[in-house]
Chemist: 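Questions regarding the structure given below will be posed in turn.
Remember, it's 1-based here, ligands and their atoms both numbered in the order they're listed. Each residue takes its place number in the sequence, starting with 1.
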Amino acid sequence: MNVLVTGAAGYIGSHCCKALLDAGHQVIGLDNLFRGHAQAGEILAARASDRFQLVVGDIADRVLVESLLRDRKIEGVIHFAALAYVGESVDQPGSYYRHNVGGMQVLLEAMHAVGVQRCVFSSSCATYGEPPEQLIPIPETCPQNPVSPYGRSKLIGEWMLRDLSVASARAKRPFAFAAMRYFNVAGCALDGSLGEDHTPETHLIPVVLEVALGKRPHVQIFGTDYPTPDGTCIRDYVHVEDLARAHLAALFKLDPARFDQHAWNLGTGSGFSVLQVIEAARRVTGHAIPMIHQPRRAGDPARLFSDTRRAEVELGFVPGITDLDEIVRSAWQWFRTHPQGYRSASR
Ligand code: UDP
């Protein structure tokens, strides 16, 4: 299939491009390189130069997007390009709505104009907000009440897709979409080729590994008084390569003639606390990983993990890596060999 991947030079987007290339597809990556890495594009091009090209540009550039869709005969779009920091979204909501909502609106309009029939959308469990205790593990039917501009921007993305689906059905123009609601994505390519490189880095596993590398003196634990067994927050960590495979499965599952609308939670269904993650990192790295206790971080729910049954039944999604040590080990493999992130790769 000819696939356009937006945000192709970012963390999840690049791993998804790798999975598409390894499965033999033609991939055009689109990335404005605001937070993506040109080196990720170079690594992907080296993997399959005849089937991959990174185009540097923005999803809000209607002329560029429409010409790519038309000229490259794109059959499906996997849409990752977005800003993705919850905390930043609280401070800069305008920026999140401009990129995540405005940019996506342009992309969808271009897709509709050209007649691209499939869209797999990078959504988030942040669209659920803070679900009530009786709805954990969280099913896809859980009410979506996001508590941050980031979560709201992703929910609006889902709404735009639903509206486009209705309009497409009325116009008898085949279109299908899937909203992929991720839990906590972690780990790096098992062959060591791609990794995680965020500036600033705020996610727990990379932060903990930066302590092991000596780049930070300690890890801050945001809250030790949550109603969980050890008092720290519980999250569902899903490996990035499993997640990438789910996107391929979704792309091929979509039936535009039936105007499919899907939403799938992507997690492992198991929850691990912040302290359990730190203990896993101690085992994997052999480093003491000092920690200090801090007050709760605003907007952090105590427990978030996925009810995975729908993705398993409908998509055949069964994560291959569910062991926390294995997830942390795969991230450590990358961080250990790329202490400066992709800048290490280009040396
Ligand atoms: N966390 C922490 N210290 C850090 C980063 C994160 O204690 O330096 C906690 C955070 O409060 C949350 C969990 O680790 O409970 C996962 O946070 P992360 O930012 O990785 O993902 P989120 O669940 O916010 O998407």
Chemist: Using the six-membered ring wherever Trp is involved, compare the ring planes of Y96 and Y150 and label them parallel, tilted or perpendicular (cut-offs 30° and 60°).
Modeler: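 Rings of Y96 and Y150: perpendicular, as their planes differ by over 60°.
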Chemist: Among all protein heavy atoms, pick the one closest to atom 5 (C) of ligand 1 and tell me residue, atom and distance.
Modeler: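 Going atom by atom, the protein heavy atom closest to atom 5 (C) of ligand 1 ends up being T202 O, 3.4 Å.
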Chemist: Going by heavy atoms in the side chains, are V3 and V77 under 4.5 Å from each other?
Modeler: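 Side-chain contact under 4.5 Å: no.
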Chemist: Would you check if K154 and C125 make a side-chain contact, meaning some heavy-atom pair closer than 4.5 Å?
Modeler: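 Sidechains of C125 and K154: no contact.
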Chemist: Using a 3.5 Å cut-off on N or O atoms only, is C233 in polar contact with ligand 1?
Modeler: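 Min N/O separation from ligand 1 is not below 3.5 Å for C233.
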Chemist: At less than 4.0 angstrom from any non-hydrogen atom of V207, what atoms of ligand 1 do you find?
Modeler: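 Answer, ordered by atom number: 8 (O).
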Chemist: Answer yes or no: does an N/O atom from F222 fall short of 3.5 Å to an N/O atom of ligand 1?
Modeler: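 N/O-N/O distance below 3.5 Å exists for this pair.
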Chemist: Can a donor-acceptor pair be found, under 3.5 Å and without considering hydrogens, that links the side chain of R152 to the backbone of P146?
Modeler: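 The answer is yes, because a donor-acceptor pair under 3.5 Å joins these two groups.
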Chemist: Can you classify the ring geometry of Y11 versus H198 as parallel (below 30°), tilted (30 to 60°) or perpendicular (above 60°)?
Modeler: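 The rings of Y11 and H198 stand perpendicular, inter-plane angle above 60°.
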Chemist: In the protein, what heavy atom is nearest to atom 3 (N) of ligand 1, and what distance, to one decimal place, separates them?
Modeler: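 Of every protein heavy atom, Q220 O, 2.7 Å lies nearest to atom 3 (N) of ligand 1.
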Chemist: Considering only protein heavy atoms, which is closest to atom 20 (O) of ligand 1, and at what distance to one decimal place?
Modeler: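 The closest heavy atom on the protein side is L204 N, 2.8 Å.
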Chemist: Keeping the roles fixed (side chain from N265, backbone from T308), state whether a donor-acceptor pair exists under 3.5 Å.
Modeler: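 Side chain of N265 to backbone of T308, a donor-acceptor pair under 3.5 Å: no, none is there.
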Chemist: Could you check atom 23 (O) of ligand 1 against the protein and tell me its nearest heavy-atom contact, residue, atom and distance included?
Modeler: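 It is R235 NE, 2.8 Å.
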Chemist: Would you check the N or O atoms of Y237, main chain and side chain alike, for any that come under 3.5 Å of an N or O of ligand 1?
Modeler: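 No: no nitrogen or oxygen of Y237 is under 3.5 Å from one in ligand 1.
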Chemist: Determine, stepwise, if the pair C17 / F52 fulfils side chain to side chain contact (heavy atoms under 4.5 Å, CB included).
Modeler: CA-CA 8 Å; C17 288; F52 179 81; 3.9 Å; yes
Chemist: Nearest protein heavy-atom contact for atom 22 (P) of ligand 1: which residue, which atom, what distance?
Modeler: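 The closest heavy atom on the protein side is N184 ND2, 3.5 Å.
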Chemist: Check whether any side-chain heavy atom of T228 sits under 4.5 Å from a side-chain heavy atom of S273, and report yes or no.
Modeler: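 Side-chain contact under 4.5 Å: no.
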Chemist: Quick test: of every protein heavy atom, which one is nearest to atom 9 (C) of ligand 1, and how far off is it to 0.1 Å?
Modeler: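 Heavy-atom neighbour on the protein nearest atom 9 (C) of ligand 1: V274 CG2, 3.7 Å.
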Chemist: Given Y226, which of D300, V274, I234 fulfils the side-chain contact (heavy atoms from CB on, under 4.5 Å) condition?
Modeler: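 Considering D300, V274, I234, a side-chain contact (heavy atoms from CB on, under 4.5 Å) with Y226 is found only for D300.
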Chemist: When only distance counts, is R297 in polar contact with ligand 1, meaning an N/O pair under 3.5 Å?
Modeler: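 Between R297 and ligand 1, an N or O pair is found under 3.5 Å apart.
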Chemist: Under 4.0 Å from any heavy atom of I221, which atoms of ligand 1 are there?
Modeler: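 Ligand 1 atoms under the 4.0 Å threshold to I221: 7 (O).
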Chemist: Note the single closest protein heavy atom to atom 11 (O) of ligand 1, along with its residue, its atom name and the distance in Å.
Modeler: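 That would be D300 OD2, 2.5 Å.
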